[in-house]
There are 2 protein chains.
Amino acid sequence: MDQKDGFDLQIFLPYLLNQAAEESSIAFQEVYKSRYGMLRTEWRVLFHLGIYGEMTATEIGSRARMHKTKISRAVQKLEDRRLLKRVRDAKDRRAERLSLTDAGRVVYADLREVAAQYDARLTDRFSSDDVARLRDMLLILSTPR
Amino acid sequence: MDQKDGFDLQIFLPYLLNQAAEESSIAFQEVYKSRYGMLRTEWRVLFHLGIYGEMTATEIGSRARMHKTKISRAVQKLEDRRLLKRVRDAKDRRAERLSLTDAGRVVYADLREVAAQYDARLTDRFSSDDVARLRDMLLILSTPR
DNA sequence: GATTGTTAGTTACAAAATCAACCATTACAG
DNA sequence: CTGTAATGGTTGATTTTGTAACTAACAATC
């Protein structure tokens with residue numbers, strides 16, 4: 001099984017990024033899944049509300065680049081579990097302002113702590129300069145041009 | 001929508017990696033999807049065979065860290081399209097040795113060229129030192145520890 | 001050489017993501 | 001105003017993925 005070809009999958013950036021993203025998500029996923037039965041879309045919505053406070057589904061969608069149907073279903077589930085509440089916007093009655101309930105904030109605080117420690121553990125094998133540069137580059141790569 | 005919280009999703013590595021992976025895959029996905037009607041698993045299998053020559057499904061799976069059912073289905077589709085052929089292994093008749101057909105090699109050569117150019121376009125905004133360091137770090141992050 | 005355990009790969013069923021169509025409301029053009 | 005387009009969000013149908021259970025072949029033990 002030697003390499004027979006000049007091309008190397010292991011340096012193809014989209015592939016590498018995908019592998020790194022998947023591997024580095026596993027242990028965190030394990031936590032939000034087993035501890036709260038959440039899906040990826042769900043913790044993302046939760047975090048957006050935890051971090052930014054009140055937002056609409058569309059705002060979350062454009063910030064997280066998630067499709068609106070994903071968000072709609074995640075919001076529904078979080079609401080069912082009483083982690084999130086919706087209030088119809090008075091000025092634009094199509095929109096609803098989403099925010100966390102007290103219970104939601106507790107869950108968020110817990111997961112936020114897990115995330116912070118997990119992130120620290122992921123990055124502690126690199127110098128802080130390297131990590132900073134890595135984050136910069138990833139942010140640039142995440143931005144559509 | 002100011003930040004109300006000390007934590008920032010935009011520096012959480014698994015999130016960042018995911019965003020970068022997704023964004024940086026879009027345009028390439030567009031090509032293999034529209035040009036050959038392929039799925040991500042399918043081009044991955046195709047590339048593995050294109051790069052490494054003959055392999056078994058299990059070998060591809062462990063190298064790409066893809067579940068065997070995904071591979072089984074991708075192999076099936078590639079075979080249906082006559083891009084891949086299977087030969088039962090004589091020494092171990094459970095296994096099958098997979099390889100590309102001539103048609104498969106043509107498709108691979110085309111996509112490989114697209115990938116190389118695409119990768120160049122993704123990385124041309126960074127210094128080559130930075131890109132090298134980025135690849136190193138991503139490879140480390142992709143490896144289970 | 002039977003028994004038990006493992007490995008390669010497939011298949012059936014459940015969970016989730018995608019896509020298109022949809023309703024309600026708002027924005028905008030004439 | 002009125003008709004048409006655009007926006008916020010939901011729903012249903014289809015596709016894709018994930019999980020478990022399965023068959024067939026091999027390996028190891030007794």
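The chains referred to below are lettered A, B, ... by the order of the sequence lines, with proteins before strands, and numbering in each begins at 1.
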For A:Lys33 and A:Ile71, find the nucleotide of DNA chain D closest to each by heavy atoms; which residue's nucleotide sits nearer the 5' end?
A:Ile71

Candidate nucleotides D:dG18, D:dG9, D:dT10, ranked by approach to the side chain of A:Thr58 - the nearest
D:dG9

Quick check for you: among D:dA6, D:dG9, D:dT16, whose closest atom lies nearest to any side-chain atom of B:Leu39?
D:dT16

B:Arg93 atom CZ is separated from D:dT23 atom C1', nearest whole Å, by 14 Å

Which is the 5'-most and which the 3'-most nucleotide of DNA chain C that has an atom under 4.0 Å from a heavy atom of chain A?
C:dA16 to C:dT26

Can you check whether B:Ser24's main-chain N or O pairs, donor with acceptor, with B:Tyr118's side chain at less than 3.5 Å?
yes

Does the distance from a Lys or Arg side-chain N to an Asp or Glu carboxylate O, for B:Arg94 and B:Asp92, drop under 4.0 Å?
yes

A:Arg40, CZ atom: more than 12 neighbouring heavy atoms under 6.0 Å:
no

Just to be sure I understand the rule, does A:Thr56 reach a base, reach only the sugar-phosphate, or reach nothing, if contact means heavy atoms closer than 4.0 Å?
sugar-phosphate

Rounded to whole Å, please give me the gap between CG in A:Leu98 and C1' in D:dT10.
14 Å

Would you kindly give the NZ-to-P distance between B:Lys68 and D:dT17, to the nearest whole Å?
18 Å

Heavy-atom nearest nucleotide on DNA chain D for A:Gln76 versus A:Arg94: which residue maps closer to 5'?
A:Arg94

Exercise: do A:Gln117 and A:Glu113 side chains pair donor with acceptor under 3.5 Å:
yes

Looking only at N and O atoms, is any donor in the side chain of A:Arg97 or the base of D:dG9 less than 3.5 Å from an acceptor on the other one?
no

Over how many whole Å does the gap from A:Glu59 atom CD to D:dG8 atom P extend?
9 Å

What is the separation between atom CG on A:Asp80 and atom C1' on D:dT10, rounded to the nearest whole Å?
14 Å

Do A:Arg63's NZ or CZ and the ring of A:Tyr52 fall within the cation-pi criteria of under 6.0 Å and 45°?
yes

Quickly work out the A:Glu96 CD to D:dT7 C1' distance and round it to whole Å.
14 Å

Quick test of your reading of the model: are B:Arg73 and B:Glu42 salt-bridged, counting only N-O distances below 4.0 Å?
no

Send over the distance from A:His67 NE2 to D:dT15 C1', rounded to a whole Å.
14 Å

Under 6.0 Å from the CZ atom of B:Arg65, do we count more than 12 heavy atoms belonging to anything else shown?
yes

Taken to the nearest whole Å, CZ/A:Arg88 to C1'/D:dT10 is 11 Å

Closest-nucleotide mapping onto DNA chain C: is A:Asp92 or A:Lys70 further toward the 5' terminus? I mean the 5' end.
A:Lys70

